[in-house]
Protein chains: 2
Amino acid sequence: MSRRTYNQYCATARTLDVVGERWTLLIVRDLLTGPKRFSDLLAGLPGIGTGLLAGRLKFLQDEGLIVPVILPPPARVAGYALTEAGEELRPAVMALASWGLRWAMAERRADEDFQPGWAVLGMQALFNPDAARDLRLVYEFRVGDEVFHARVDHGAIDSVHGPAQRPDVTIETSPAVFVELAAGRMKLADAVRDGTATASGDRQAIRKLRSLFHPQQPKDRAVT
Amino acid sequence: MSRRTYNQYCATARTLDVVGERWTLLIVRDLLTGPKRFSDLLAGLPGIGTGLLAGRLKFLQDEGLIVPVILPPPARVAGYALTEAGEELRPAVMALASWGLRWAMAERRADEDFQPGWAVLGMQALFNPDAARDLRLVYEFRVGDEVFHARVDHGAIDSVHGPAQRPDVTIETSPAVFVELAAGRMKLADAVRDGTATASGDRQAIRKLRSLFHPQQPKDRAVT
DNA sequence: CCGGATCCGTAACGATACTG
DNA sequence: CAGTATCGTTACGGATCCGG
């Protein structure tokens, strides 16, 4: 009858009462890179089913984490955006992503889904503020048919879906190659030499990329 | 047949494949304040059921986040402790707790469970490093029949279950009063005056308490 | 085609009883 | 005390259908 809750007066438990159910934090993840429409979310959550997604969106609305919006021109269609409360889950999602980068991103499984937009948040998690202390740069990424950009500004980073206004650098590549680059298993310079990626714009800024996003050494857990 | 997974090559999704199921992060939360035995965990997770707890513990072991241990003397009984991988979930759990403190800790419901140990993590989330820049203090809390302590050391904090070696301050009170204190709805000085709490030890350190753990202004979401 | 609502089989969970 | 076994209930996943 009533909603399932942990029924604990504990900040962690109360948070999980709101965002702890299956799919919920992944919906937030997708909205952290900008407003999305129902079908965009559906595409970003393979397997969820329309009914469950609709239910989650309704619940998140009731809880005040998202609001229905009209997407900015030229789209002008209905969508969903994070509220301030929803946006403030960013540190938590990033912390989960950081853990995953370190402990759970072993080789990509063959059938495993990958969407470039997800890497946007990964980049935020890998971002090295010290290396960006005196930089103000905009990187644009065109991966498959997705476009997103990262705005680096004096130790801070912000990255969202969509093209940049005046990118300093534009990187263009395929999803498969992008995975390898993001995981640090391939160097951008090598991909450019192969012709599997192109990087245009400020050559200084291109060279900075490696230092801006450098992971901790990922550790694999023992596999039984 | 096989385990339910999001099947996404995304750091957040991979993390949630490991710790995203019901109860899992709360088990981690309880272990973040020190090793626990099966029945301690059971008591800290009202409603979980022994079978599910056993299953979760087994899974977390397989994933390398926890290990069975013999608890330190004088207990000398079997229990579970976090591994390095498990311990590194602390930032994520703290981020979720911080969000909860700000957005989801409105009044305690009458039937809602509360265990002082949970507040230990809340205190870490509320901890203000700047106010502790030049301090080295140990606070011990005796709440109901639980004892825990917080070790403040030059901008860092660490808090675990069990008594402290040589506390600078000892606070003793009931769970009900402790809730009010932790939530900032009651002042320690007032509780001491009422006789509902006692605070003994370094009076300077007692007075420091308010500045060390000061919350952001909690915001309540609109209630429909 | 987009944004859902409805229905149904399956998997996950919750409560209790039981065992070494 | 530390679990395993069992069973009724709830949540999820997939498909189909509907109104704009």
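Order of the sequence lines sets the chain letters (A, B, ...), proteins ahead of strands, with each chain counted from 1. The structure displayed is predicted, hence computed values, not measured ones.
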Phosphate oxygens OP1/OP2 of dC12(D): is one of them under 4.0 Å from a side-chain N or O of Tyr6(B)? no
In whole Å, I'd like the distance from the CD1 atom of Ile27(B) to the P atom of dA2(D). 15 Å
What side-chain donor-acceptor pairs closer than 3.5 Å can you find for residues 38-50 of chain A, not counting sequence neighbours?
residue  : atom : partner  : partner atom : Å
Asp40(A) : OD2  : Arg37(A) : N            : 3.4

Residues Glu88(A) and Trp99(B): side-chain donor-acceptor under 3.5 angstrom: no
Side-chain H-bond candidate by donor/acceptor type, Trp118(A) with Gln8(B), under 3.5 Å: no
Distance check: side-chain N/O of Ser39(A) vs OP1/OP2 of dG3(C), anything under 4.0 Å? yes
Once you round it to whole Å, what is the distance between P of dA2(D) and CD1 of Ile66(B)? 14 Å
Which pairs of donor and acceptor atoms, one on a side chain in residues 165-176 of chain B, lie under 3.5 Å apart (sequence neighbours left out)?
residue   : atom : partner   : partner atom : Å
Asp168(B) : OD2  : Val138(B) : N            : 2.7
Thr173(B) : OG1  : Thr196(B) : O            : 2.9
Ser174(B) : OG   : Val177(B) : N            : 3.3

note: Leu53(A), atom CG; dC12(D), atom P; distance rounded to Å ~ 13 Å
Using whole Å, report how far CD1 of Ile70(B) lies from P of dC1(D). 16 Å
Rounded to whole Å, the CZ-P distance (Arg76(B) to dC1(D)) equals 19 Å
So, using salt bridge (Lys or Arg N to Asp or Glu O under 4.0 Å) as the criterion, who are the partners of Arg22(B) when residues are at least two apart? none
Spacing between Lys36(B) atom NZ and dC1(D) atom C1', to the nearest angstrom: 17 Å
Got a sec: does the CZ of Arg109(A) have more than 12 other heavy atoms crowding it under 6.0 Å? yes
Could you state the atom-to-atom distance from CZ of Phe38(A) to C1' of dG3(C) in whole Å? 6 Å
Side chain of Arg37(A) only, heavy atoms from C-beta on: which candidate in dC2(C), dC1(D), dG4(C) is closest? dC2(C)
Which residues pass the side-chain hydrogen bond (donor to acceptor under 3.5 Å, both in side chains) test with Ser98(A), not counting sequence neighbours? none
Within the 4.0 Å limit for protein heavy atoms, which parts of nucleotides 13-19 of chain C are touched? Write it as a string from 5' to 3', B for base, S for sugar-phosphate only, - for none. SSSBB--
Within this structure, what is the CG-OH distance for the pair Leu65(B) and Tyr80(B), rounded to the nearest 0.5 Å? 14.0 Å
How bent is the helix from dC1(C)-dG20(D) to dG20(C)-dC1(D), measuring the angle between the end axes built from five pairs each, rounded to 10°? 20°
Going by atom types only, do Arg29(A) and Thr12(B) share a side-chain donor-acceptor pair under 3.5 Å? no
Which whole-number value in Å describes the distance from Leu57(B) CG to dT4(D) C1'? 14 Å
Tell me whether the OP1 or OP2 atom of dA5(C) has a side-chain N or O from Lys58(A) closer than 4.0 Å. yes
